[in-house]
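Hydrogens, waters and symmetry mates play no part in the numbers below; they use all other heavy atoms, side chains included. Counting starts at 1 for both ligands and their atoms, in listed order.
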Amino acid sequence: MSDRTLLLAGNWKMNHDHLEAISSVQKLAWALEDAKLDETKCDVVVIPPFTDIRSVQTLIQGDKLWLTYGAQDVSQHEPGAHTGEIAASFLARLGCTYVVVGHSERRANNHETNDIVAAKVKAALAQEITPILCIGESLEQRQEKTHVDFTLTQLEESLADLDSASLEGLVIAYEPVWAIGTGETATAEDAAEMAAAIRARLAERYSDSLAASTRILYGGSVKTDNVAQVLASDDVDGALVGGASLNGPDFAALCKAAVAK
Ligand SMILES: O=C(CO)COP(=O)(O)O
């Protein structure tokens with residue numbers, strides 16, 4: 001058993017407007033309370049669309065809920081002439097603890113390269129927001145058995161020019177693209193293999209202490225009934241959950257199953 005705190009993060013993707021967000025977070029909080037989830041045992045995070053964040057902040061702070069929240073993306077730029085972009089400083093002002101960076105949907109749909117992702121990681125860290133860096137291979141790469149090399153290259157290139165001290169607290173989410181939204185989940189062995197490889201590379205490239213403190217999540221079709229399998233290895237410290245995080249009580253049940261594993 002590691003001493004890293006379990007992290008369960010719900011990436012809502014482009015779901016829930018700000019009114020639905022308020023209702024979902026409220027129901028999640030009630031369900032977590034009913035489930036008597038020990039808040040010292042895990043961090044529960046919601047990651048709504050940008051337009052919901054202010055409402056989520058008001059609810060969480062107003063009702064003193066122990067949940068934390070974050071954003072799904074951040075601009076690599078400083079505030080200025082970048083239409084449609086959201087600066088890390090704006091997310092900091094909204095009290096975001098986390099920001100997802102380099103999600104495979106953004107890498108694929110918005111042409112985000114490792115260089116762009118690295119710039120976003122830096123922008124987040126400069127505002128003391130914890131990046132949840134997403135990496136993971138395609139089905140083709142897994143079939144060709146190049147998945148470990150590919151994912152570790154993504155890791156290194158997405159953290160280019162950052163040193164061990166600045167990466168303290170970083171979260172990494174291993175999300176194999178073939179498992180996202182497909183109902184396919186990596187086996188416990190697949191998740192364990194990659195989490196161990198990521199941790200070993202962090203030790204080699206940065207430091208033993210960074211490798212020991214970095215939380216590594218698994219993401220891809222995680223549900224209440226498979227979360228224990230996903231978390232079977234001591235190297236896997238939580239889950240980045242898409243579809244199964246949209247309904248508050250369902251996500252609370254998933255969190256409870258994770259803590260009980
Ligand atoms: O992409 C994911 C989380 O970031 C996973 O999504 P699903 O849980 O819906 O497969």
**Prompt:** Is a salt bridge present between R199 and D237, judged by a nitrogen-to-oxygen distance below 4.0 Å?
**Reply:** yes
**Asked** Purely on distance, is any nitrogen or oxygen of I180 under 3.5 Å from one on ligand 1?
**Response** no
**Item:** Flag if over 12 foreign heavy atoms under 6.0 Å of NZ, K256
**Value:** no
**Prompt:** Atom OG of S138 and atom CZ of F150: how far apart are they, to the nearest 0.5 Å?
**Reply:** 6.5 Å
**Prompt:** Hey, does K13 sit under 4.0 Å from ligand 1 if you only count heavy atoms?
**Reply:** yes
**Message:** When you compare the side chains of S2 and R215, does any donor N or O come within less than 3.5 Å of an acceptor on the partner?
**Reply:** no
**Request:** Decide whether the shortest distance between a heavy atom of G181 and an atom of ligand 1 is less than 4.0 Å.
**Result:** yes
**Subset of ligand 1 atoms that lie under 4.0 Å from at least one heavy atom of L240** = 3 (C), 4 (O)
**Message:** Does the residue A244 have a heavy-atom contact with ligand 1, meaning some pair of atoms that are separated by less than 4.0 Å?
**Reply:** no
**Item:** E140 atom CD, over 12 foreign heavy atoms within 6.0 Å
**Value:** no
**Prompt:** Under 4.0 Å from any heavy atom of S221, which atoms of ligand 1 are there?
**Reply:** 7 (P), 8 (O), 10 (O)
**Item:** Polar side chain donor-acceptor pair, T146 to E137, under 3.5 angstrom
**Value:** no
**Complete:** Counting from 1 in the order shown, the ligand 1 atoms closer than 4.0 Å to a non-hydrogen atom of G243 are 7 (P), 8 (O), 9 (O)
**Asked** What protein heavy atom is closest to atom 2 (C) of ligand 1, reported as residue, atom name and distance in Å?
**Response** E175 OE2, 3.1 Å
**Request:** Kindly say whether D73 contributes a backbone atom to a donor-acceptor pair with the side chain of K120 at under 3.5 angstrom?
**Result:** no
**Prompt:** Do any nitrogen or oxygen atoms of G242 lie less than 3.5 angstrom from nitrogen or oxygen atoms of ligand 1?
**Reply:** yes
**Request:** Check ligand 1 against N11 and write out every atom of the ligand that is under 4.0 Å from a heavy-atom position of the residue.
**Result:** 3 (C), 4 (O)
